[in-house]
Every structure is written in structure tokens, then in C-alpha cells.
Protein chains: 2
Amino acid sequence: MSAKEFPAPAAAPAARRSDTTRTAILTAARERFAADGYERATIRSIAKDARIDPSMVMRYYGSKEGLFAAVLDVDLRLPDPDGLDPHEVGRTLVGHFLDLWEENEVLTVLLRVGVTNPDGAARMQAIFRDQLMPVALRVCPDPEQAPARAALTSSQVLGMAMARYVLRFPPAVALPREEVVAWLAPTVQRYLTAPHP
Amino acid sequence: MSAKEFPAPAAAPAARRSDTTRTAILTAARERFAADGYERATIRSIAKDARIDPSMVMRYYGSKEGLFAAVLDVDLRLPDPDGLDPHEVGRTLVGHFLDLWEENEVLTVLLRVGVTNPDGAARMQAIFRDQLMPVALRVCPDPEQAPARAALTSSQVLGMAMARYVLRFPPAVALPREEVVAWLAPTVQRYLTAPHP
DNA sequence: CTGGACTGTCAACAACTGTTGGCCTACGAT
DNA sequence: ATCGTAGGCCAACAGTTGTTGACAGTCCAG
């Protein structure tokens with residue numbers, strides 16, 4: 001479900017005259033979805049941000065849900081499980097997620113919408129299952145425990161993202177990045193590699 | 001802003017004939033807000049659940065936001081900071097929050113709406129500030145670090161609630177209660193009492 | 001130059017929203 | 001028994017939403 005064209009000319013990714021409009025819509029949609037969530041982000045407001053007519057959104061993305069799906073095309077780009085040091089996996093993951101969250105708003109969209117929209121929740125489940133689980137499978141002692149350990153890890157990572165980037169708890173926002181890593185890395189490390197308590 | 005009557009007869013909490021309707025509305029609203037979030041939970045659907053007319057909601061709670069505020073009257077009922085064992089604070093808090101989350105849907109409402117609605121986020125900030133901070137102030141070594149430690153604690157607690165009760169990650173749901181406590185308690189204990197890393 | 005496809009605008013639709021006011025009913029004090 | 005009042009329902013409002021179709025300008029191949 002990649003964010004491609006809709007009229008779909010066979011399989012030619014030839015540059016189109018309307019590509020600038022397409023990406024303008026996508027950018028505006030990402031910002032609006034991140035700021036307002038799925039329901040409150042209206043097609044009209046997105047269109048106004050992108051300086052185009054609301055009907056263009058329909059033409060290029062079919063529907064609001066289509067646009068939404070295009071925005072939610074997320075790749076966590078987690079490091080290759082085989083290539084990472086099992087003793088540093090906590091620090092590595094926490095740092096990587098902080099990077100992801102700060103580089104753009106896609107994950108904010110995902111979180112904000114995953115909480116309200118059932119499809120969003122399913123998408124979020126899929127992303128964490130497909131992308132975080134392999135890492136857990138690689139580094140945790142007993143493969144059978146991998147799902148639980150991945151869930152624990154995601155809970156801490158999501159929770160910090162929630163407090164810091166979505167709810168913006170002042171102390172969580174004020175915490176310097178390296179301190180967040182210093183506090184969270186041992187937690188994640190323990191969730192993934194420590195013996196079952 | 002307690003969930004009281006609206007026409008407000010002086011200050012008499014006398015039982016009213018309409019109290020059953022009022023609580024029916026409040027219960028239905030809590031469920032609908034929890035299930036659908038603020039925007040998608042319509043007054044009409046809440047009224048239908050409560051088997052009354054939509055206009056009754058307006059009469060008793062003034063507006064959708066008024067109803068929402070009544071639902072969000074949350075008391076975490078955290079244990080008295082003075083009365084708890086500093087060495088068991090992690091286990092105590094995690095257990096308490098799991099209880100809270102499972103006993104009714106208010107916290108789900110709060111979380112779901114805090115993520116989408118700015119007012120909800122402010123409400124959530126206030127709740128955690130007013131109710132979790134005192135505990136942190138009591139048990140953490142340096143009072144100056146209390147806000148950061150409270151934020152860290154809330155991140156882990158919120159994250160688990162998110163994964164387990166909102167997004168419903170299957171492995172997080174499957175985890176037995178005592179295992180959640182066993183994994184999270186040391187984390188919270190460390191966030192609150194361990195020396196700064 | 002001409003045809004057709006592409007890009008864009010405008011106006012309108014139908015559905016749904018929160019909200020309001022009028023009206024009827026039934027209780028409870030007098 | 002009566003009468004004020006609180007409880008409840010109905011119909012309608014104005015605004016907003018996603019979505020659609022007709023229409024106009026623009027590009028490029030023939």
C-alpha cells in the first residue's frame with residue numbers, strides 16, 4: 001500500500017506534471033493529521049494548506065481514508081537485528097526511536113490516530129509486530145518470550161513518545177535527549193535481554 | 001468542576017427524579033468516549049445508548065464539552081505518599097494503576113482524548129502533575145529531580161496502558177497481570193528512587 | 001494546427017453534526 | 001382535585017463534512 005498514483009499508468013513511475021501538487025497535499029495532510037488527528041483534520045483544511053481545491057485530494061487519493069493510508073506509509077528503519085550488539089540493543093533502540101520521532105511527524109500521526117481510529121490501531125499493531133518483533137527475536141534469550149518482551153519494549157518507547165511529543169508533559173519535554181537515553185536504555189535492555197523476573 | 005447538576009438548586013444535593021437519567025447519560029458517555037474518542041462519539045449515539053433524547057444531554061450537561069468535562073472528573077486515588085514503603089513504591093504504583101485501568105474506562109477516555117483534544121491533553125497534564133508528583137516528591141532522593149522522575153514513571157505507566165488497553169497489542173494483552181507488575185515494578189522503582197544514572 | 005488527455009476550479013449535493021425551542025405528560029405539594 | 005413544575009420527546013435549525021460532476025485552461029503528440 002505505498003503512496004503511489006491512483007489512475008495508475010501500467011507501472012511507469014514517469015514524472016508527472018502534478019507531482020508537486022501530490023506531494024504538497026501529502027505534506028499538508030501529514031501536518032494536519034499530526035496536529036489534529038484523523039477526525040478533526042478536514043479535507044478542506046488540508047486542501048487550503050496545500051493551496052489547492054479539496055476536489056484534488058479526492059482525485060489523487062480517492063478518499064480521505066486513501067489519503068490517510070498514503071500518509072501512514074511508515075518504515076521504522078530499525079537497524080538490522082543481525083548487525084547489532086546485543087549488549088547495546090537498549091541504547092541503540094531508544095536512540096533510534098528518539099531520532100525517528102524528532103525527524104518528522106509521521107509517528108505522531110500514527111500514535112494520535114492509532115489511539116482514535118481502529119484502522120490506525122491495526123496499522124500500529126502491524127508496524128510494531130513486523131518491525132520490532134524481529135529485533136526481539138534476535139536478542140532475547142528465549143524466542144518464545146519474544147512477543148512479550150517486544151510488547152514491554154514498545155510500551156516504554158511509546159509511553160515516552162506519548163509524554164514527550166504528544167501530551168508534552170513539561171518535565172518530559174525538558175529532559176535532555178541524552179538523559180532520556182540514559183534512563184530508558186537500561187529499561188529496554190532489561191526488557192529484551194534480562195532473564196524472566 | 002465536579003459532575004454535579006446544572007440547574008443547580010442552591011446547594012442541595014437532594015435526590016432528583018432525573019438522577020437515573022443523568023447517570024445513564026454519564027455511563028453511556030463514558031463508554032462512547034472510551035470507544036470512539038471525543039469527535040466520533042456523537043451526542044446522538046450517546047443518547048441512543050442511554051435510551052433518551054439527545055436534547056436531554058443538552059439540558060443536563062449544557063453542551064458536548066460539558067458532558068465531556070463531567071466524564072473526565074478523574075481521581076487517581078493514589079495512595080497517601082506518607083503511608084507507603086519507599087522500597088515498594090514501584091510495585092505499589094504499578095499495581096494501583098493496573099487496578100484503575102481495569103476497573104472502569106475513565107482512564108481510557110482520558111488517554112484517548114488527551115491524545116487528540118488539546119483540552120484533554122491539558123487535563124491529563126494536570127492530573128499527573130497534581131496526583132503523581134506528590135508521590136515522586138516524597139520518595140525520590142532529590143526533590144529537584146522529582147518532576148523528571150514523575151515524568152519517567154508516567155511514561156512507563158502510560159505506555160503500558162496504551163499497549164495493553166488502547167492499542168491492544170496482543171502480547172501486551174496476553175501478559176498476566178502479575179507478570180506486568182513483575183516487569184514494570186523494578187522500572188518504576190528505579191525511575192523514582194535509583195540514583196541519577 | 002488540432003485532438004485528446006491532464007490539471008485545476010466552482011458549485012452543489014446529501015448526510016451528519018451540535019444545538020434549540022415548543023409541546024406534551026406526570027408527578028407532588030397544596 | 002388542581003396547578004406549577006420538572007422530565008421527556010419531537011421537529012427543526014444552521015453549519016460542516018466528505019464527495020461528486022460539470023466546466024475551463026494547458027500541455028503535448030499527431
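All values derive from a computational prediction rather than experimental measurement. A, B, ... follow the sequence lines: proteins, then strands. Residue 1 opens every chain.
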Over how many whole Å does the gap from [X] atom [atom1] to [N] atom [atom2] extend?
X	N	atom1	atom2	result
A:Ile25	C:dT7	CD1	C1'	11 Å
A:Met58	D:dA22	CE	P	16 Å
A:Glu65	D:dT17	CD	C1'	15 Å
B:Lys48	C:dC16	NZ	C1'	13 Å
B:Leu67	C:dT17	CG	C1'	15 Å

- request: Would you jot down, in residue-number order, the residues of residues 29-42 of chain A having a non-hydrogen atom under 4.0 Å from DNA chain C?
  value: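 Within residues 29-42 of chain A, no residue comes under 4.0 Å of DNA chain C.
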
- Side-chain heavy-atom pair A:Ile25, A:Asp49 within 4.5 angstrom cut-off: no

- If we only count heavy atoms from C-beta on, is the A:Pro79 to A:Thr92 side-chain gap below 4.5 Å?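 Yes, side chains in contact.
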
Query raised in the report: Closest heavy-atom contact between B:Pro171 and A:Ala151?
Result: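 Taking every non-hydrogen atom into account, CB-CB, 3.8 Å.
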
With a 4.0 Å cut-off on N to O distance, would you call [X] and [Y] a salt bridge?
X	Y	value
A:Glu103	A:Arg77	yes
A:Arg91	A:Glu178	no
A:Glu39	B:Arg40	yes

Exercise for the section: Examine the side chains of A:Arg149 and A:Gln145 and answer whether a donor and an acceptor come within less than 3.5 Å of each other. Expected result: yes

Between the CZ atom in B:Arg177 and the CZ atom in B:Arg164, the distance rounded to the nearest 0.5 Å is 8.5 Å

Could you go through nucleotides 8-15 of chain D and list every protein N or O atom that sits under 3.5 Å from one of its N or O atoms, giving the distance for each pair?
unit_1 : atom_1 : unit_2  : atom_2 : d
D:dG8  : OP1    : B:Thr21 : OG1    : 3.0
D:dG8  : OP2    : B:Thr21 : OG1    : 3.1
D:dG8  : OP2    : B:Tyr60 : OH     : 3.2
D:dG8  : N7     : B:Arg59 : NH2    : 2.9
D:dG8  : O6     : B:Arg59 : NH2    : 3.0
D:dC9  : OP2    : B:Asp53 : N      : 3.0
D:dC9  : N4     : B:Ser55 : OG     : 3.4
D:dC10 : N4     : B:Asp53 : OD2    : 3.3
D:dC10 : N4     : B:Ser55 : OG     : 3.1
D:dA12 : N6     : B:Arg44 : NH2    : 3.4

